[in-house]
Amino acid sequence: MTTHTIVLSGTKPPLSMNQRLHHQVKARITRQLRDEVHIEAKRQRLPRGVPHVTVTLHYRSARNGVRDTDNLVATLKPCCDALAKGTPKYPGYGLVEDDTPQWMTKPMPVIHPAEKGEPGSLWLEIKLQEQP
C-alpha cells in the first residue's frame with residue numbers, strides 16, 4: 001500500500017455536523033475544500049483510476065479538550081468528493097471512480113492531542129490499494 005498526505009489549510013475543521021450555516025455559506029466552504037484537495041492531488045500527481053483507496057481525516061487541535069470525531073465527517077465528505085471522479089457539474093480528481101464503499105473506505109476521523117506551542121492542523125491520509 002502506498003500512502004499520500006494532503007495537508008489542508010486552516011487550523012480547525014471548516015465544517016462541523018453541529019453548525020447551522022446559511023446554505024450559501026456552507027456551499028462556499030464546501031467548494032473551497034473541494035478545490036483545495038483537487039489542486040493538491042494534481043500538484044502531487046496522485047494516480048487516477050485506482051481500484052480502491054482509504055481516506056482518513058486527521059485533526060490536531062491547538063488545545064486539548066473534548067471533541068466528537070463524528071463532527072469532522074462534515075469536513076471529510078467534500079474532501080472525498082474532490083478525490084473521486086465526480087460529475088460534470090462537480091468534477092473531481094479521478095483518484096477512484098466514486099466515493100462509494102466499492103472504491104473508497106472512509107474510516108472515522110482521527111483526533112490527535114494538541115502539541116504545546118503548535119497551531120491546530122488538518123490533513124488527509126490517503127492509502128492506495130496496489131493493482132491486483
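Values reported hereafter were calculated over all heavy atoms of this structure, with side chains retained and with hydrogens, waters and symmetry mates removed.
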Nearest 0.5 Å, what's the [atom1]-[atom2] distance between [X] and [Y]?
X: D35; Y: R31; atom1: CG; atom2: CZ; answer: 4.5 Å
X: M17; Y: T69; atom1: CE; atom2: OG1; answer: 11.0 Å
X: Y59; Y: N71; atom1: OH; atom2: CG; answer: 11.0 Å
X: L95; Y: K85; atom1: CG; atom2: NZ; answer: 13.0 Å
X: R60; Y: E115; atom1: CZ; atom2: CD; answer: 4.5 Å
X: T105; Y: Q129; atom1: OG1; atom2: CD; answer: 9.0 Å

Identify the two heavy atoms, one from [X] and one from [Y], that lie closest to each other, and give their separation to 0.1 Å.
X: P107; Y: V55; value: CD-O, 3.3 Å
X: A41; Y: I6; value: N-CD1, 4.2 Å
X: P14; Y: Q19; value: O-NE2, 3.4 Å
X: L15; Y: A74; value: CD1-O, 3.5 Å

pair [X]-[Y]: side-chain heavy atoms closer than 4.5 Å:
X: P78; Y: V37; result: no
X: K127; Y: T2; result: no
X: M1; Y: L128; result: no
X: K12; Y: S61; result: no
X: D99; Y: L83; result: no
X: L72; Y: S16; result: no
X: I126; Y: T56; result: no
X: D68; Y: I111; result: no

Check against side-chain contact (heavy atoms from CB on, under 4.5 Å), L57 and C80
CA-CA 10 Å; L57 176 65; C80 292; over 6 Å; no

Determine yes or no for a side-chain-to-main-chain donor-acceptor pair under 3.5 angstrom, with [X] supplying the side chain and [Y] the backbone.
X: E97; Y: W103; value: no
X: R34; Y: Y90; value: no
X: Y93; Y: L46; value: yes

Are side-chain N/O atoms of T3 and E125 paired as donor and acceptor at under 3.5 Å?
-> no

Applying salt bridge (Lys or Arg N to Asp or Glu O under 4.0 Å) to R67 and not counting sequence neighbours gives none

Please step through side-chain hydrogen bond (donor to acceptor under 3.5 Å, both in side chains) for the pair Q44 and E40, ending with a clear verdict.
-> CA-CA 6 Å; Q44 290 188 26; E40 185 59 21; 2.9 Å; yes

| Ring-ring centroid check H4 W123, cutoff 6.0 Å | no

Ring pair (Phe, Tyr, Trp, His ring centres under 6.0 Å) filter on H52, not counting sequence neighbours, yields none

| request: Could you give me the CA-CA distance, side-chain angles and deciding distance for M104 and T100, then say whether side-chain contact (heavy atoms from CB on, under 4.5 Å) is met? | output: CA-CA 6 Å; M104 186 181 289; T100 57; over 6 Å; no

Worksheet item: Given D70 and M108, is the side-chain contact (heavy atoms from CB on, under 4.5 Å) satisfied, shown in steps?
Response: CA-CA 7 Å; D70 54 342; M108 200 53 104; 4.1 Å; yes

The side chain to side chain contact (heavy atoms under 4.5 Å, CB included) partners of V25 (sequence neighbours excluded) come to L21, H22, R28, I29

